[in-house]
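Just so we're on the same page: letters track the sequence lines, and every chain starts at 1. Just the heavy atoms: all of them, side chains too, but no hydrogens, waters or symmetry mates, feed the values below.
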Amino acid sequence: MNYDFKKIEAKWQKYWAENQTFKAENNSDKEKFYVLDMFPYPSGAGLHVGHPLGYIASDIYARYKRHQGFNVLHPMGYDSFGLPAEQYAIQTGLHPAVTTSINIDGCLDAAGNILPKYLNVDDSIKNEALIDKTIATSKKDENYQENIIKGYRKQLDKIGFSFDWSREVRTSNPDYYKWTQWIFIQLFNSWYNKDSDKAEDIATLIALFEKDGNATVNAVSDEDIPVFTADEWNTFDPKKQQELLLQYRLTYLAETEVNWCPALGTVLANDEIINGVSERGGHPVVRKKMTQWSMRISAYAQRLLDDLNTIDWPQPLKDSQTNWIGRSQGASVTFKVLPLTPSEGGGTDSSSPRYYTGNSEIYGILLERAKEMRKNPTAAEAKLWDELRNRNLNDKFRRQHPISNYIVDFVCIEKNLIIEVDGEIHQYQLEKDDERELLLEQKKGFTVLRFSNDDVLNNIEAVIAKIEKKLSSLSSGEGWGEVDLDRGIEVFTTRPDTIFGVSFMVLAPEHELVATITTPEQKAEVEAYIQATAKRSERERMADVKTISGAFTGAYAEHPFSKEPIPVWIGDYVLAGYGTGAVMSVPCGDQRDYDFAKHFNIPIPNIFEGVDISEEAHADKDKTVIANSDFLNGLPYKKAMKLAIYELEKLGQGKGKINYRLRDAVFSRQRYWGEPFPVYYVDGMPQMIATEHLPIALPVVEKYLPTETGEPPLGNATVWAWNTVTNKVVDNSEIDNATVWPLELNTMPGWAGSSFYFNRYMDPTNTEAIFSEDAMNYWQDVDLYIGGSEHATGHLLYARFWQKFLFDKGVVPKKEFAKKLINQGMITGTSAFVYREEESGQIISKGLIDGKIVSPIHADVSFVNASDELDIEAFKNWREEYKDAAFVLEDGKYIVGREVEKMSKSKYNVVSPDSICEDYGADSLRLYEMFLGPLEQSKPWNTAGITGTHGFLKKLWRLYLEDNGAKFTDAAPTKDNLKTLHKTIKKVAEDIENFSFNTSVSTFMICVNELSAQKCTSKEILESLAILVSPYAPHIAEELWEQLGNTTSIATAPFPKFDASHLVESSKEYPISFNGKMRFKLELPLDLSKEEIEATVMAHEKTIEQLQGREPKKVIVVPGKIINIVG
RNA sequence: GCUCGAGUGGUGGAAUUGGUAGACACGUUGGACUUAAAAUCCAAUGGACAUUAGUCCGUGCGGGUUCAAGUCCCGCCUCGAGUACCA
């Protein structure tokens, strides 16, 4: 009997499928074990040998655990929403669901023939069934199968994985994304309570608002939410309440600056951008303000960081998550700033800057008084304030706001409009009103509207109408954004201890204060600078770190302690997106600040004791003592830091703060092929569809491109409105803004569906719940997760975030979804090159190049054999241009050059697992992929080496069977047999548990080599060996197991028990070293004492010969290990 | 720049707590079988000198610790991955 791997593998694959051998039970007395692979995006190109690497490793582990008696969950599915299917839809109009299903299920029937539905009448094959769609292919072509999509599932099945296919999920199936939508709704209905440090239902927040307003609420929320009382909350109209709640929800709609990729027509998350261009396609990305759904992942920043310590994941992966979260501890400090007023024309005498109000002393007094006045408004003021806020005017008003030397009642800063309400309380001011109005209107360019208390109280409609009319007639001040001047400039610093070293401040060019504080003299320069930086793309800005640029705003801030004026600059080395977009610059302690100061001739005060800063900044903090810093003098870093924060807090100008780099994740994509949001809009406010009406299925569209008006592809759908009475998706024409409302047009990003699939596998067909409690309580979490390291900051961070959220909500029992994670390395390709001499056009064998000028040309690796010889005929037939090429051979052969490159179609070095299975079998492939090297390392593929593992399998086979049949007997195993076997059991078990799969393949080879040499025929030994091999080479193991007389699958046969007694040795061949160098070996009994060993060795003739009469200084004897003679 | 990994024969790699460097394979060379090829089997295979023992050199480079270093320590070099003005 020969080792007919084709027959054997087909037989057992069929057996496993028919008997559902690997179906995991949700009710079992056995202990659970959950082995998971990162599920793939099913692309049309199919698998190459690099893809199954991790699947093979996890499959070995899963099978090993079954042998150990565990109930193993080992599922597989598809992350089937994604761009390629959508792009194909844009080109051809074919629905992405069709493409997706072709890519998974393939176009061949069970017998391997193309399914009729992919054939045209003339036997040409439909484009969607082709791998390379640019090559027209017909059924009449001899090798037409090579260009047909086989389907992921078929390819996976051929490798013999022990997946439980009954649990397959596809993220693009409505019965799956129903639960993606469900989780979204849970997030929407939750807020993050910092007091309980977890997500809570939004109802608990509403209860707090109703009772106490929002002043005492300790939540992760948007910044700048106005403070309101319970009374105010209760009188807000529902829309206002919804707006406010949205600022607290864990997923929220907000206008944010997003990464917009014009070429892809969508926004991208930070992790989808590599080096300033899109990860997919490498298109440029620009910043753009858009209203988008966001996920408040920042609420979980600290927990995501802390819990990294609880999981066994690779350190580099943890490091990059730590990096990405980017925690830094320091302080937020507010610098008061008062821009020079236009009338007072700052900058004419820049050596003596003058502050905003003309006298900074009274600013503080004004502020105090303003606050007091806000607390005690007159009836008219209160009424007008309510109206101004609730009318939904396009412009924002502030009340009791300091402007110049005065406090005005209401001001709209964007439009420079002041509204004054005259009442009795203000009688004392009346005489000054004229003077005041003159100043405000004529010198500062404000418009003042004046109403009486009476007007407001009795004729509010007329008052509002007047205000609206005035507002519409006024143009906005150029770029005078919303600014809260009371706040000053807030910065974040990790070094509050160096606050006395501040000699300037720098704002990001995009900072909202820039326009407000810039003096007229500096306006032109600042605007020019802003324009110049805006023009530079993100990429240029990142690439060019060297060039120092910036502009002075003309404004000065006040040092919180010294009260010295500090010039305020803008510069693009300060990023708008990090911290507050502003820094206090300490040039003596920060190299960037130092460079900036040097470049613009700004003083660099030294605040470090005994440190020279003439050449560069001094960033060290551990051994440095602070000097020239008033109350911080003489203190080391940590103490100075604490004291500085303490003093800042006393001033009310700062507090200790922890800052995270992690930003909230944008969750909207302007794509078709993604999960629709279960959201409709009532008066522009998002409403969740009740969970019992899920899923909201993707609508039919005619075109997959954005609409002409720039709306996302779902804007093309004609049936895409929500009827709140029937709870159905209905035709857009029915939208009446009463009971039928428009649905959300964005879809969810790729990571939505992959952020909980590992939990869904536990109960994948449940239609009542995302999974049953029983299933969740049994399976708990993933014990082993294997996948690529490219998901370090994307999928793996988002999935952890959702898991923590679901944990807070009591949906899952574990804070982390995967205990152990392994990143498999990449398999690179070994490209083959032929060399064409430029001059003669001859193609020269590698060994004969020798100084000739040649250009290397990629040759398809399938034309090259194990000895690097080229199949010249095949190469000639490959391309028309090589048909008549002349070859210069060495020894009658053409030898190609080899180089390791990424495996890719364009390099003609792709090897598909299908062809390997065809030629050598799945077991050979599995063994070889493992044999290549450590799982986590990247390593080159070279098909030639597979003969090694294939040869091993043949040798294994021959140990059991020969031409006439069985070789095994009931003979008792010999001592040597047992020793070999138990050595192997020990090593293989250890290897699997250490994920060192490459070494166990060697161990098997050694074992089979030894047993062959021992002519072992003992059935007892061979049965155990079959089980040992079965996780790695399951098909041959099953076949041998059956040949040995077993009638059930080997899959759950108990793993052989290691018995150390078989390895006990009575003697050891000691290496005898002289001065650390091994010279000869000597067999000695292990029960000798140190002294006996030394005496025997010293008396040995070879020792005497080595020593040549010298007296050894020392003899080291390590019993059981080594003997070293020194001297 | 910073963070993390990794450098061992012609190639992939092994050496689990410092203790025989190069296991196991590929490739190469020679041999057996064969008309021949394939397949299979046997032998050799880190380098240099000697080829009968034998000697010297060898784990990216330079130091160090130790009876003993691929393994530990210090300083460099190269390659790969991640990150990128993060205040």
The nucleotide from B:U16, B:A87, B:G27 with an atom nearest the side chain of A:Ser328 is B:A87
Aromatic ring pairing A:His982/A:Phe1058, orientation class (parallel under 30°, perpendicular over 60°, tilted between)
tilted
Of the candidates B:C41, B:C85, B:A23, the side chain of A:Ile1006 sits closest to B:A23
Between NE2 of A:His618 and C1' of B:A87 the distance, given in whole Å, is 17 Å
- Expressed as a whole number of Å, how far does the P atom of B:G30 sit from that of B:G80? 38 Å
From CD1 of A:Ile946 across to P of B:U11 the rounded distance in Å is 22 Å
Sub-4.5 Å side-chain heavy-atom contact between A:Thr580 and A:Glu490:
yes
(request) Report which part of the nucleic acid A:Val1118 touches: base, sugar-phosphate, or nothing (heavy-atom distance under 4.0 Å, all strands). (result) base
With the side chain defined as heavy atoms from C-beta on, A:Lys1114 is closest, among B:G13, B:A39, B:C67, to B:C67
Hits for side-chain hydrogen bond (donor to acceptor under 3.5 Å, both in side chains) against A:Thr1096, two or more places apart or cross-chain, chain-then-number order -> none
Among the nucleotides B:U3, B:G19, B:C86, whichever has the atom closest to the side chain of A:Lys1121 is B:G19
>> Could you tell me how far B:G13 sits from B:C24 if I compare only their C1' atoms? Round to whole Å.
In response: 9 Å
Checklist entry - Can A:Glu962 and A:Arg958 be counted as an ion pair, charged N to O under 4.0 angstrom? => result no
> Heavy atoms under 4.0 Å, any strand shown: does A:Arg327 hit a base, just sugar-phosphate, or nothing?
Replying inline: nothing
Worksheet item: Mind checking the P distance from B:A37 to B:G31? Whole angstroms is fine.
Response: 12 Å
Exercise for the section: With C1' as the reference atom in both, quote the distance from B:U66 to B:C72 in angstrom, rounded to an integer. Expected result: 10 Å
Show your reasoning for whether ring-ring contact (aromatic ring centres under 6.0 Å, His included) applies to A:Phe504 and A:Phe600. CA-CA 11 Å; A:Phe504 60 104; A:Phe600 290 110; 8.7 Å; no
When rounded to whole Å, the CG to P distance for the pair A:Asn994 and B:A14 reads 13 Å
A:Arg926 CZ to B:A25 P, in whole Å, measures 21 Å
To the nearest angstrom, the OH-P distance between A:Tyr928 and B:U11 comes to 15 Å
Here the distance between atom C1' of B:U16 and atom CG of A:Asn998, to the nearest Å, is 13 Å
Note, RNA chain B 5' to 3' with Watson-Crick or G-U pairs under 3.5 Å encoded as ( ), [ ], | and . gives (((((((..(((......[....)))((((((.......))))))((((....))))..(((((..]....))))))))))))....
Exercise for review: Report which part of the nucleic acid A:Thr947 touches: base, sugar-phosphate, or nothing (heavy-atom distance under 4.0 Å, all strands).
Suggested key: sugar-phosphate
Can you check the distance between B:C76 and B:A25, where both ends of the measurement are the C1' atom (answer in whole Å)? 35 Å
Applying side-chain hydrogen bond (donor to acceptor under 3.5 Å, both in side chains) to A:Asp595 and not counting sequence neighbours gives A:Gln591
Using a 4.0 Å heavy-atom cut-off, does A:Lys1081 contact any base of the nucleic acid, only the sugar-phosphate backbone, or nothing at all?
base
Under 3.5 Å donor-acceptor pair, A:Lys318 side-chain atoms to B:U3 base atoms: no
Side-chain contact check for A:Asp319: nearest option of B:G13, B:U40, B:U3 is B:U3
task: Using the P atom as the reference point in each nucleotide, state the distance between B:G47 and B:A36 in Å, no decimals.
output: 32 Å
Suppose you measure atom P in B:G1 against the same atom in B:A15; what distance do you get, rounded to whole Å?
34 Å
A:Pro316 has its side chain closest, among B:U20, B:C4, B:A25, to B:C4
Taken to the nearest whole Å, CE/A:Met584 to C1'/B:C86 is 15 Å
How far does the P atom of B:A38 sit from the matching atom of B:A48, given to the nearest Å?
29 Å
- Query: Salt-bridged, A:Lys979 to A:Glu1065, with N to O below 4.0 Å?
  - Reply: yes
note: A:Asn659, atom CG; B:A87, atom P; distance rounded to Å ~ 8 Å
